[in-house]
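A short worksheet on the structure shown next.
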Amino acid sequence: MRKSILLVVMFAILAVFVMAKTEIEFWHAMGGAQGTTVTEIVNSFNEANPDIEVKAIYVGNYNALQQKLLVSAESNTLPALSQAYGNWTARLIPRGVVQELNTLIADPEAGLTDEEWAAIWSPFKRMVTWGSTIYAVPFNKSTYVLYYNTDLFEQYGLEVPKTMEDLLFAAMMLTEDKNKDGTIDQYGFGFRTTIDHFMTFLRANKGEAVEILNDGSVKVIINSPQAKEALQLMYDMAHTYGVALFQGGYLDAPFGDGQIAMFIETIASASYVDSGSRGKHGWAWAPVPMWEVQAPPFAGTDVVMFAGITAEQKVAAWKFMKYLVSPEIQAYWSVKTGYMPVTQLALDTPQWKAYEQQNPTVAVPISQIPFGSVDPNVALWDDVRNVLGTMVGDVINQKRTVDEGIAWAEQELLRIIANQ
């Protein structure tokens with residue numbers, strides 16, 4: 001009797017041990033259809049790896065996720081994995097809470113092969129590397145493109161702009177007071193009064209806001225001819241020529257309603273543009289018009305692993321990170337969400353090839369990847385964003401002149417760097 005009881009207990013203990021799973025949390029900020037796709041990918045991974053359970057936890061928008069990560073770093077309650085922008089990661093690295101990935105990537109058995117690592121687009125690798133240390137893998141990446149109303153371009157007999165000069169000309173031709181009441185009904189162009197849209201023009205003009213020096217220090221270079229020209233072009237389109245509608249919010253609604261004929265935004269807006277334009281007019285996208293160079297900014301986050309988890313959890317977390325950047329999953333993620341695949345190998349999958357055959361314009365953002373520009377992955381980039389966003393809003397809303405706005409931004413950034 002005692003032996004029977006003992007055997008039952010032993011088998012029960014063994015069953016619990018065998019069935020025990022390594023659990024890891026993955027915090028993310030993907031809502032809506034994108035969040036559904038994250039859940040699908042996580043479920044697929046869990047099914048393929050019964051000894052691991054990834055728990056995808058939607059934290060909220062990016063601001064909510066950033067704040068939760070910072071608070072959790074203070075209280076030692078970070079998850080195994082999380083989405084993060086490069087500047088968030090830069091703030092956490094000095095605290096010793098971010099897991100370096102060099103050793104995991106180079107592991108001869110569990111790492112990435114040379115082919116797999118080489119296939120990740122170079123700009124995306126720069127976004128996850130500090131010095132020679134890799135702290136993340138790229139995840140949801142988008143780039144800026146020029147959205148345009150195909151019906152209007154056909155009606156007006158216009159070519160899609162290839163340069164900024166072409167863009168200004170097309171905007172002038174497409175701007176019209178259609179009912180002759182003295183108010184513009186149809187603007188040729190639209191832009192948001194944000195740093196992101198300013199940086200699109202600035203980088204096309206071969207300019208930058210700050211420069212990261214070899215010793216890691218930050219040099220302010222916003223007060224430059226390139227920056228003044230970029231901001232002046234935005235101002236002129238809005239006021240001097242009156243050919244651009246400007247606002248702080250997204251432009252897919254005015255574009256869909258025919259208030260603007262063109263605007264520049266990331267490819268992540270495609271689904272909103274499509275739903276807003278459906279039944280009203282056709283649309284397509286093209287590369288961001290060239291100025292001095294072609295350098296459309298990239299947007300999007302990476303996935304980081306945190307160091308304060310167990311060895312077993314690190315093995316599981318790395319396995320999931322590899323899964324996220326695998327060609328098949330990247331193709332699936334891109335087709336379902338509109339984000340760009342982070343690895344070139346995804347372009348060779350049957351799913352991507354079928355998708356591209358049905359949607360040839362998806363080749364446009366891919367063609368921009370070799371020329372794209374990346375934000376500096378430094379901790380103070382949030383501060384830079386806030387300052388330059390205020391500068392753009394003030395100038396476009398005529399609270400400061402272009403020169404005054406640039407000079408103010410320069411002094412603010414110098415003050416922030418001095419304080420740090």
### Message
Suppose we screen for side-chain hydrogen bond (donor to acceptor under 3.5 Å, both in side chains). Which residues come up paired with T301, at least two apart in sequence or across chains?
### Response
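For T301, the residues satisfying side-chain hydrogen bond (donor to acceptor under 3.5 Å, both in side chains) (neighbours in sequence not counted) are Q83, N140.
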### Task
Taking side-chain hydrogen bond (donor to acceptor under 3.5 Å, both in side chains) as the test, write out the residues that go with K206, two or more places apart.
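With neighbours one apart ignored, the set is empty.
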### Side-chain ion pair, R192 and D196, N-O less than 4.0 Å
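Result for this pair is no, no salt bridge flagged.
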### Message
Assess whether a salt bridge exists between K141 and D302, defined as any Lys/Arg side-chain N lying under 4.0 Å from an Asp/Glu carboxylate O.
### Response
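Looking at K141 and D302, the cut-off is met.
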Beyond-backbone contact of [X] with [Y], side-chain heavy atoms, under 4.5 angstrom:
X	Y	result
V387	V384	no
K162	P289	no
P327	D348	no

### Task
For the residue pair D236 and Q232, confirm or rule out a side-chain donor-acceptor distance under 3.5 Å.
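Yes, a side-chain donor-acceptor pair sits under 3.5 Å.
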### Message
Can you confirm whether M173 is buried at CE, in the sense that more than 12 heavy atoms of other residues, nucleotides or ligands lie under 6.0 Å from that atom?
### Response
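Incorrect, the count does not exceed 12.
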### Residue pairs involving residues 107-132 (criterion salt bridge (Lys or Arg N to Asp or Glu O under 4.0 Å); sequence neighbours excluded)
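Every pair satisfying salt bridge (Lys or Arg N to Asp or Glu O under 4.0 Å) with a residue in residues 107-132: there are none.
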### Query
Taking only residues two or more places apart in sequence or in another chain, which ones pass ring pair (Phe, Tyr, Trp, His ring centres under 6.0 Å) with Y144?
H197
### Query
Quick one: ring pair (Phe, Tyr, Trp, His ring centres under 6.0 Å) partners of W352, sequence neighbours excluded?
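With neighbours one apart ignored, the set is Y355.
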### Message
Just verifying a value: how many Å separate W27 CH2 and L78 CG, rounded to the nearest 0.5 Å?
### Response
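Reported value, rounded in 0.5 Å steps: 6.0 Å.
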All N/O donor-acceptor pairs, side-chain side in residues 89-97, below 3.5 Å, sequence neighbours left out:
residue : atom : partner : partner atom : Å
T89     : OG1  : Y85     : O            : 3.3
R95     : NH1  : E74     : OE2          : 2.8

